[in-house]
Amino acid sequence: MIDDDSTVTSNTALMKYRNATSSFLSSTDDNIYENNNNSTAVEPIHGAILFGRSRDRMDRLVIENEEPIYYTSVQPRKLKKNYTSPYQHHITITDLKPQMTYFYRIILRNTREELKELERRIVQNSTSTEEEATNILEKEKETELNTAEESGRRLLSPKAHHRQSRIILKDIYLRSNSGHRRLAPPPYDSTQCACPDPDKIRHFRTISRAGHGKTVLAVIGDIGQFPHSEETLDHLRLNHQHRIDAIILTGDLAYPELDHRRWDTFMDLFDDYPLIEYIPMHITPGNHDIDKPEHGNNIFSAFEVRFRMPRIQEAQLGTYNGEESELNMDSPPYPLDYEYGNAYYAFQFGKTHQIYLNSYSSLDPGSKQYEWLLTELESVNRRVTPWLLLTYHVPIYNTFEVHQKDLQMFKMREHIEPLMVKYKVNIVFNGHIHAYQRTKPVAMGNVTSTGPIHIVMGAGGRNADAAFLQDQPEDWIVMRDGTIYGYGLLEIINKTHARWDWVHTGQKGDHNKVHHHPNITLPMGGADHAFFVNQYYL
């Protein structure tokens, strides 16, 4: 992630990628990987990021500063095999200049010592000509091909080596030449596209210093990996990719439905619609990200291992302490044992101070999340970051009939809304409901010019079918719709004004429904474009 963050590291890029060879060989294909309860993770290859200000001269190498990590999960019995994720590599790049474009590529080696040797050579040749630097890069590509082949051999257990090595090496060869993935459980068929070029040179651009410049944020909720998910990403990519500075996902990311292979295809989706290789993305956990297996008590495993947000400290991730059975993800218990890590965090980004909360961790006064939030709100300097944004999954203002009794909603309303009002939060982003809703500035149920604006952006891809609770909208509603897919764009213009646009990308049906009134049909929502005045100055 790219940010100008005084609470973590100023001008820092958090790069994340998967071990491509491990990802392929973690397939549940019988001929590829023998995965069971007694399986042991294979030794990972190691990675680094080679980057610089010029595509032709990337002269800094940053070696991963933590060990590659993976997780396992018990799969549903019908799939017969359990799941081991690919290794995930998280790399932090520091000392980046604001408003600067950087080019980068992924480097893989069998050992950390080999990466150290490469780093020494790059430093030694930092004054070399562009031609000499290019020659070094070409040699690295050849070395990485050998690394991939050797990793394919090391991924086999000694028992399986003689029986399967030829099969696996053949599949590595076929994959590298066909460029297609083998793993594609529904709903997203990731075999339709080639794998990304491992030698691809990507780029990103850093944000302005805190308190400076315009900022444009794209907001997507409950995206999943469905046909409308592709519409949303493709529309954003084709129309706004050069305009936006960051993407916010308001929870419910992959919808794995107990099958963790769908997390792999979800990441493939973002490879196929390549936005986050050059635009930072920030996430908040949703109920479908809990991922408790049917027979097991692990929670949030994929959400914590696969991503790396500007965390306060390492995650404290416990287990579900209820019955070992399938959990109703639409009505999970409160609270769940997940603190820090990707659960909740904050950072400065241009003129915004952004806070992300976990609706499913404890929100009670005295809890870790509550006390951290209180300290974070007190630390906000509105002269530097005049816009205060809050993102979490479960909305406390809800015009739709679904999720009206969620415990998390009541806890947010009781404990967190008073803090929003006291510290003059400007905008609250939510998901959870597969629909769109924008409120007037509202505080404790009453419309007031100084209250936060609450926006539900939950129709990024998952089935948009939410019916209204009643035919007449509440006093605090500006716009509501349960038929249109899309995303939002927030442009921070200056310290006092921002622009909001609800962008339509698809639709389901031609009218809105009302709960328990099948004969009442209401028109679809229209365009929603608005200018916001910063409530802090009112």
Side-chain angles (χ1 to χ4, degrees), residues 1-17 48-65 90-106 122 126 201-219 236 240-249 274-283 307-312 345-356 376 379-389 391 426-427 489-499 534 536:
M1 299 303 159
I2 316 304
D3 59 56
D4 181 1
D5 182 4
S6 63
T7 62
V8 186
T9 302
S10 182
N11 296 309
T12 298
L14 302 178
M15 314 303 298
K16 175 265 173 202
Y17 62 91
I49 297 294
L50 180 66
F51 76 104
R53 296 187 189 179
S54 168
R55 178 183 296 271
D56 299 321
R57 191 175 179 81
M58 294 179 286
D59 54 5
R60 282 187 60 189
L61 185 76
V62 178
I63 301 172
E64 56 192 2
N65 45 358
H90 301 289
I91 300 177
T92 302
I93 303 175
T94 58
D95 300 323
L96 300 175
K97 303 296 183 184
Q99 290 187 294
M100 185 68 65
T101 298
Y102 290 90
F103 296 87
Y104 70 97
R105 70 180 288 262
I106 297 166
I122 289 174
S126 60
I201 296 176
R202 299 169 170 86
H203 70 275
F204 62 85
R205 184 171 177 81
T206 53
I207 192 68
S208 304
R209 293 186 185 278
H212 294 79
K214 291 184 178 181
T215 303
V216 179
L217 306 173
V219 186
L236 183 61
H240 300 290
Q241 66 175 348
H242 299 300
R243 180 187 174 204
I244 59 177
D245 298 300
I247 298 171
I248 296 172
L249 294 189
L275 286 162
I276 61 173
E277 66 183 38
Y278 55 88
I279 299 172
M281 180 174 75
H282 298 96
I283 58 175
F307 302 94
R308 179 55 45 81
M309 296 297 105
R311 60 189 184 180
I312 310 158
Y345 55 93
F347 56 91
Q348 294 177 324
F349 198 87
K351 288 186 173 68
T352 69
H353 192 115
Q354 299 187 32
I355 299 175
Y356 292 72
E376 186 69 25
S379 74
V380 176
N381 185 345
R382 302 301 279 264
R383 289 174 295 181
V384 177
T385 52
W387 291 88
L388 180 55
L389 311 181
T391 300
N426 297 111
I427 305 169
L489 291 175
L490 177 67
E491 180 181 3
I492 304 298
I493 299 171
N494 53 39
K495 71 176 184 178
T496 57
H497 287 80
R499 176 187 170 93
N534 191 328
Y536 181 76

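Applying the side-chain contact (heavy atoms from CB on, under 4.5 Å) criterion to T215, with sequence neighbours excluded, gives I207, L217, D245, F349, I492. Contacts of R499 classified as side-chain contact (heavy atoms from CB on, under 4.5 Å), with partners at least two apart in sequence or in another chain: E491, I493, D501, H529, F531. Applying the side-chain hydrogen bond (donor to acceptor under 3.5 Å, both in side chains) test to T391 and every residue at least two apart in sequence or in another chain returns nothing. In terms of the side-chain contact (heavy atoms from CB on, under 4.5 Å) criterion, residue partners of N65 (sequence neighbours excluded) are, by chain and number, T92. Considering only residues two or more places apart in sequence or on other chains, L61 meets the side-chain contact (heavy atoms from CB on, under 4.5 Å) condition with A48, L50, I63, I107, L118, E119, I122. In this view, Y345 satisfies the side-chain hydrogen bond (donor to acceptor under 3.5 Å, both in side chains) rule with no residue, not counting sequence neighbours. Contacts of R60 classified as side-chain hydrogen bond (donor to acceptor under 3.5 Å, both in side chains), with partners at least two apart in sequence or in another chain: none.
At distances below 3.5 Å, not a single donor-acceptor pair connects side-chain atoms of T385 with backbone N or O atoms of G211. Proximity of a side-chain donor or acceptor of Y102 to a complementary backbone N or O of K97 within less than 3.5 Å is detected. Using modelled atom types, one side-chain atom of S54 and one backbone atom of D56 make a donor-acceptor pair closer than 3.5 Å.
For L490 against A498, the heavy-atom pair with the smallest separation is CD1-CB, 4.1 Å.
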- Can you list the steps and then say if M309 with Y356 is a side-chain contact (heavy atoms from CB on, under 4.5 Å)? CA-CA 10 Å; M309 296 297 105; Y356 292 72; over 6 Å; no
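Residue Y536 places its OH atom among 12 or fewer non-hydrogen atoms of other residues, nucleotides or ligands, all under 6.0 Å distant.
Of the options Y278, Y104, F51, a ring-ring contact (aromatic ring centres under 6.0 Å, His included) to F204 is made by Y104 and by none of the others.
Contact check for Q354 versus I248: side-chain heavy atoms found under the 4.5 Å cut-off.
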